[in-house]
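What follows is one structure encoded as structure tokens, with my remarks underneath.
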Amino acid sequence: QVQLVESGGGSVQAGGSLRLSCAVSKYSYRQNFIGWFRQAPGKEREGVAGSYVWGGNRYYTDSVKGRFTISDDNGKKTVYLQMNSLKPEDSAMYYCAAASRFAGWRPDEYNYWGQGTQVTVSS
């Protein structure tokens, strides 16, 4: 099974930047789309960005477009989420997840999930 481990979360002030990493183990070409999601307390899990790995098409949701960038490194089998111009509303637990294709941002479309990494943005 595909295994995903997130890292890179932390606390920053508004306007700052963080880079999250999603290490992919036991990679399967049948699960070749990696998405980033986030969930704040009391809110639904929402999609952030996603990419066909390795080096394929990238997708972003409107709330982060222009501020976040998804990328990957095939040699390291790692997917990155560069987050710039962070806002307090970006505060959430961030998860990466794997799917066989990009079919939208419904969490139930994704087959494998990491444990999450916390991002806190203060004003």
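Just so it is clear, the structure is predicted and the values come from calculations on it, not from any experiment.
- Thr69 OG1 to Met83 CE: the interatomic distance, rounded to the nearest 0.5 Å, is 11.5 Å.
- Here the side chains of Val24 and Val53 are not in contact, with every heavy-atom distance at 4.5 Å or above.
- Between the OG atom in Ser21 and the CG atom in Leu4 there is a gap of 12.5 Å [rounded to 0.5 Å].
- Residues satisfying the side-chain contact (heavy atoms from CB on, under 4.5 Å) test with Ser63, not counting sequence neighbours, are Arg38, Thr61.
- Cluster annotation: Val48 is connected to Val79 through the hydrophobic network of ILVMFWY side chains, with a link wherever side-chain heavy atoms come within less than 4.5 Å.
- To the nearest 0.5 Å, atom CE of residue Met93 and atom CZ of residue Phe37 are 16.0 Å apart.
- Ser100 contributes atom OG, which lies 10.5 Å from atom CZ of Phe33 (distance to the nearest 0.5 angstrom).
- At least one donor-acceptor pair closer than 3.5 Å links the side chain of Gln118 to the backbone N or O of Ala92.
- Pairs engaging residues 72-81 under the side-chain hydrogen bond (donor to acceptor under 3.5 Å, both in side chains) rule: Trp54-Asn74, Arg58-Asp72, Asn74-Lys77 [sequence neighbours left out].
- A single hydrophobic cluster is not seen to contain both Val121 and Tyr95; linkage of ILVMFWY side chains at heavy-atom distances under 4.5 Å, directly or through other members, places them apart.
- Expressed to the nearest 0.5 Å, how far OH of Tyr110 lies from CD1 of Ile34 amounts to 9.5 Å.
- Within 6.0 Å of atom CD in Gln115, 12 or fewer heavy atoms from other residues, nucleotides or ligands are found, so the atom counts as exposed in its surroundings.
- Residue Cys22 comes nearest to Trp36 through the heavy atom pair CB-CZ2, 3.5 Å, listed as atom of the first residue, atom of the second, then distance.
- Considering every non-hydrogen atom in both Ser51 and Gly56, the closest pair reads OG-O, 4.1 Å.
- A salt bridge does not link Lys87 with Asp90: none of the charged nitrogens is closer than 4.0 Å to a carboxylate oxygen.
- Taking 4.5 Å as the limit, some side-chain heavy atom of Arg45 sits within range of a side-chain heavy atom of Trp113.
- Of all heavy-atom pairs between Ala98 and Val2, the closest is CB-CG1, 4.3 Å.
- By the ring-ring contact (aromatic ring centres under 6.0 Å, His included) test, Phe68 is found to be paired with no residue, residues two or more places apart in sequence or in another chain being considered.
- Judged as a ring-ring contact (aromatic ring centres under 6.0 Å, His included), and not counting sequence neighbours, Tyr94 has no contacts.
- Contacts of Arg101 classified as side-chain contact (heavy atoms from CB on, under 4.5 Å), with partners at least two apart in sequence or in another chain: Tyr52, Ala103, Glu109.
- Taking OG of Ser123 as the reference point, atom CD of Glu89 lies at 10.0 Å (rounded to 0.5 Å).
- The closest donor-acceptor contact from the side chain of Tyr60 to the backbone of Ile70 lies under 3.5 Å.
- Among residues at least two apart or in separate chains, side-chain hydrogen bond (donor to acceptor under 3.5 Å, both in side chains) pairs with a member in residues 2-20 are Ser17-Asn84.
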